Amino acid sequence: MSKPSLPQGTRDFNAATVQKRQYIFQTIKSVFELYGFQALETPAMENLETLMGKYGEEGDKLIFKILNNGLELPQKKQQTLEGVEKLFAGKSSTELTERALRYDLTIPFARYVAMNHGSLTFPFKRYQIQPVWRADRPQKGRYREFYQCDADVVGSDSLLNEVDLMSVYLKAFEHLKLPVEVKMNNRKILLGLAQFCGGEEKLIDLTIAIDKLDKIGWEKVQEELKSKGFSDTQQKIIQQYLNITGSNEEKIAQLKNLLGDNASVLKGIEELTYVLQYHQTSGRSKQLVADFTLARGLNYYTGLIFEVKALNTDMGSIGGGGRYNDLTSLFGVPNIPGVGISFGVDRIYDVMEEKNLFPPSIEQTTQVLFFNLGEEEAQAAYEQMTLLRNKKIACEIYPEKSKFDKQFKYAEKKGIPNVIIIGTEELGKKECNLKNINTGIQTTIPFAELVNYKF
RNA sequence: GAGGGCGUAGCUCAGUAGGUUAGAGCGACAGUUUGUGGAUCUGUAGGUCGUGGGUUCGAGACCCAUCGUUCUCCCCA
C-alpha cells in the first residue's frame with residue numbers, strides 16, 4: 001500500500017489552523033452583516049454551461065470539470081466517443097462533463113439572481129463564504145481549493161454602493177489589524193486610454209500588458225505592447241499614462257491633462273473622485289489609493305475596480321472587486337447592474353501568520369481534564385464533569401485508567417489548564433483535587449462547591 | 001503551457017571525491033516511580049535512502065525515465 005496523500009494544491013486544516021481561519025471568517029462575516037448583507041450559499045458544482053466562457057480563455061482552462069457518470073454504458077458509447085473527439089478538437093464537451101466545480105462566487109451569484117430575480121428585493125445585497133476550485137499550478141499563496149468571501153450589491157447603479165464596499169474593506173482589515181491599501185481604478189479610464197490608442201477592441205491586450213508593470217517593468221511592457229501592434233506614439237501615451245505619480249489629487253490632475261478630452265476617461269475620473277471624496281471625512285482615505293496601472297483580469301468589470309494589497313509583504317493581492325453592469329444578461333436577464341468585492345481568506349491567513357497577527361485568545365480548548373483512576377472514581381468524576389458541562393465549562397475525562405504521568409502529559413500537550421483528580425481518598429471525603437497545570441497550585445474543593453468554582 | 005529546487009526514521013536534517021553492518025537531534029514507547037506531569041539518566045522500536053531502469057567489482061551519492069512536492073513565469077485570490 002502506498003502512503004496516503006492529498007491532491008495537489010489542497011490542504012488539511014488542524015485544530016489551531018481552523019480556529020485562526022474561523023477568526024478571519026467571523027470577522028469578515030460580522031462586518032458584512034453590519035453593512036446589511038445577507039448570506040447565500042450555492043452548490044459546489046454548477047452546470048458546465050453556467051461557467052464556460054465567463055472567465056476568458058485562460059479561465060476556461062482552469063475550470064475543474066467533473067466526469068459524467070455512466071460513460072461506459074454500451075448505449076452511450078457513441079455519445080462518449082463524440083465527446084472525446086470534441087475534446088481533442090479543443091472544445092468543451094458536455095457529453096463527457098456536464099458539471100464543473102465553481103471557479104468563483106460571482107458567476108454562481110449572477111446565475112442565482114437571474115433565476116430568482118422575480119422574487120428578490122432590489123437592491124439585493126448578499127454575502128457568500130465558500131470554497132472555490134481552480135485547476136491551477138499551485139505556488140506561494142495559490143491553491144487549487146481556496147475560500148472566497150464575497151459581498152455584492154445588485155440592482156443599483158448608485159456609487160454609494162462602491163463607497164460602502166470600500167468601507168467594508170477598511171473596516172474588516174481594521175478589525176483584523178492587518179495594514180492594507182486599497183488600490184482603485186476605473187475600467188472607463190482604461191477604456192478611454194484604449195480608445196486613444198487605436199480602439200476599444202485593444203482594451204484587453206492593453207490591460208493585460210499594463211497590469212504587469214510593477215512585475216516586469218516598463219521595458220518589457222513596451223515590448224509586449226509593440227508585439228500587440230501599438231504604434232510608437234501610442235506607446236508613448238501609455239508610458240506617460242503609467243508614469244503618473246503623486247497623491248490621489250495629483251494623479252487625477254495629471255490624468256486629466258493627458259487624456260482629459262476623452263469622455264470615458266472623464267466619467268471614470270468623476271466616479272473615482274466621488275468615492276474618494278466620500279471617504280475624506282472618514283479619516284481612512286489614506287488607505288484608498290488611485291492607481292491607474294490596476295487592470296484586473298476579469299473582463300466583466302465595467303466601472304470602478306479595486307484590489308487590496310497587504311502592506312510590507314510580497315504576497316499578491318488579498319482581495320479585489322469591481323462594478324459590472326450587466327452580469328446577469330449572460331443568463332438572459334438584462335439590466336441588473338451590480339458591484340462586488342472579494343476577500344482571499346487563504347492569502348489573508350498566510351499574511352497574518354507571516355506577520356504574527358492572530359490574537360492568542362482565539363485558541364480555545366478544554367478547560368478541565370478529569371483524571372481517570374479506576375471505575376468507581378471515574379463514575380464520580382463523570383458526575384462532576386456533567387455538572388460543569390451544564391455550566392458551559394468545556395471538560396473531558398481521560399478515557400482509560402492510566403498512570404498520572406500519562407494523564408498529565410495529555411493535559412499538557414493539549415493545553416488544558418486544569419486537571420481534577422478524584423481518587424479513592426477524595427471519593428471517600430466527597431471532594432476533589434484541582435490542580436492548575438501552569439501554576440502548579442493545587443486546591444481541594446468539596447463536590448458541592450465545584451460547580452461554583454471560577455475557572 | 002514553460003522553467004528551476006527538493007524527495008534519506010513519525011518530524012527536522014547530516015551523509016565528505018561513488019567503498020564495509022546508513023547517522024544525529026527532536027518525538028514515540030518502556031523503565032527509574034502501580035496517587036502528582038514538565039527535568040535527568042537508561043533502554044527499545046522505527047529506513048528495500050520516492051519508484052523503475054542504467055553505468056560500476058561496488059550507487060543514498062553518477063546518468064536516464066517516472067511519480068510526488070515546492071518555487072518562478074503565464075494567469076490569478
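All chains are named by letter (A, B, ...) in the order of the sequence lines, taking the proteins before the strands, and each is independently numbered beginning at 1. Please read all numbers here as calculations on a predicted model, not as lab measurements.
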ask   = For the pair made of CG in A:L62 and P in B:C74, what is the distance, rounded to whole Å?
value = 14 Å

key: Value in whole Å for how far the P atom of B:C76 lies from CD of A:Q139   = 13 Å

query = What is the minimum heavy-atom distance between A:I336 and A:D326, and which atoms define it?
reply = N-OD1, 4.0 Å

ask   = Which pair of heavy atoms, one from A:I305 and one from A:N186, lies closest together, and at what distance?
value = CG1-N, 4.2 Å

For [N] and [M], measure between their [atom1] atoms and round to the nearest Å.
{"N": "B:A59", "M": "B:U16", "atom1": "C1'", "value": "16 Å"}
{"N": "B:A65", "M": "B:A2", "atom1": "P", "value": "15 Å"}
{"N": "B:A24", "M": "B:U42", "atom1": "P", "value": "14 Å"}
{"N": "B:G1", "M": "B:G53", "atom1": "C1'", "value": "29 Å"}
{"N": "B:G43", "M": "B:U32", "atom1": "C1'", "value": "11 Å"}
{"N": "B:U20", "M": "B:G60", "atom1": "C1'", "value": "15 Å"}
{"N": "B:C49", "M": "B:A14", "atom1": "C1'", "value": "13 Å"}
{"N": "B:C64", "M": "B:G3", "atom1": "P", "value": "15 Å"}

Please name the nucleotide paired to [N] by Watson-Crick or G-U wobble geometry with both distances under 3.5 Å, or report none.
{"N": "B:G37", "value": "none"}
{"N": "B:G1", "value": "B:C73"}
{"N": "B:A30", "value": "B:U42"}
{"N": "B:U66", "value": "B:G50"}

[X] charged N/C atom sitting above [Y] aromatic ring, 6.0 Å / 45°:
{"X": "A:R21", "Y": "A:F13", "answer": "yes"}
{"X": "A:R144", "Y": "A:F64", "answer": "no"}
{"X": "A:R323", "Y": "A:Y301", "answer": "no"}

key: Among A:Y349, A:F306, A:Y169, ring-ring contact (aromatic ring centres under 6.0 Å, His included) partner for A:F343   =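 Exactly one candidate clears the test, A:Y169.
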
request  = Please determine if a side-chain N or O atom of A:Q148 lies less than 4.0 Å away from the OP1 or OP2 oxygen of B:A77.
outcome  = no

ask   = More 5' along RNA chain B: A:Q8 or A:G141, using each one's nearest nucleotide?
value = A:Q8

query = Looking for any heavy atom pair under 4.0 Å, which part of the strands does A:S317 touch: base, sugar-phosphate only, or nothing?
reply =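 Result for A:S317 = sugar-phosphate.
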
inquiry  = Less than 3.5 Å apart, any donor N or O on the side chain of A:Q128 or A:D150 sitting next to an acceptor on the other?
reply    =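 No pair is found: no donor N or O on one side chain lies under 3.5 Å from an acceptor on the other.
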
ask   = How does protein contact run along nucleotides 27-36 of chain B, one letter per nucleotide 5' to 3', with B for base contact, S for sugar-phosphate only, - for none, heavy atoms under 4.0 Å?
value = -S--S---BB

ask   = Picking from B:A2, B:C71, B:C74, which would you name as closest to the side chain of A:R142?
value =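 Within the option list, the nearest is B:C74.
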
Taking distance alone, no hydrogens or angles, what donor-acceptor pairs closer than 3.5 Å link side-chain atoms of residues 370-384 of chain A to residues at least two apart or in another chain?
residue	atom	partner	partner atom	Å
A:N372	OD1	A:G374	N	3.2
A:N372	ND2	A:Y398	O	3.0

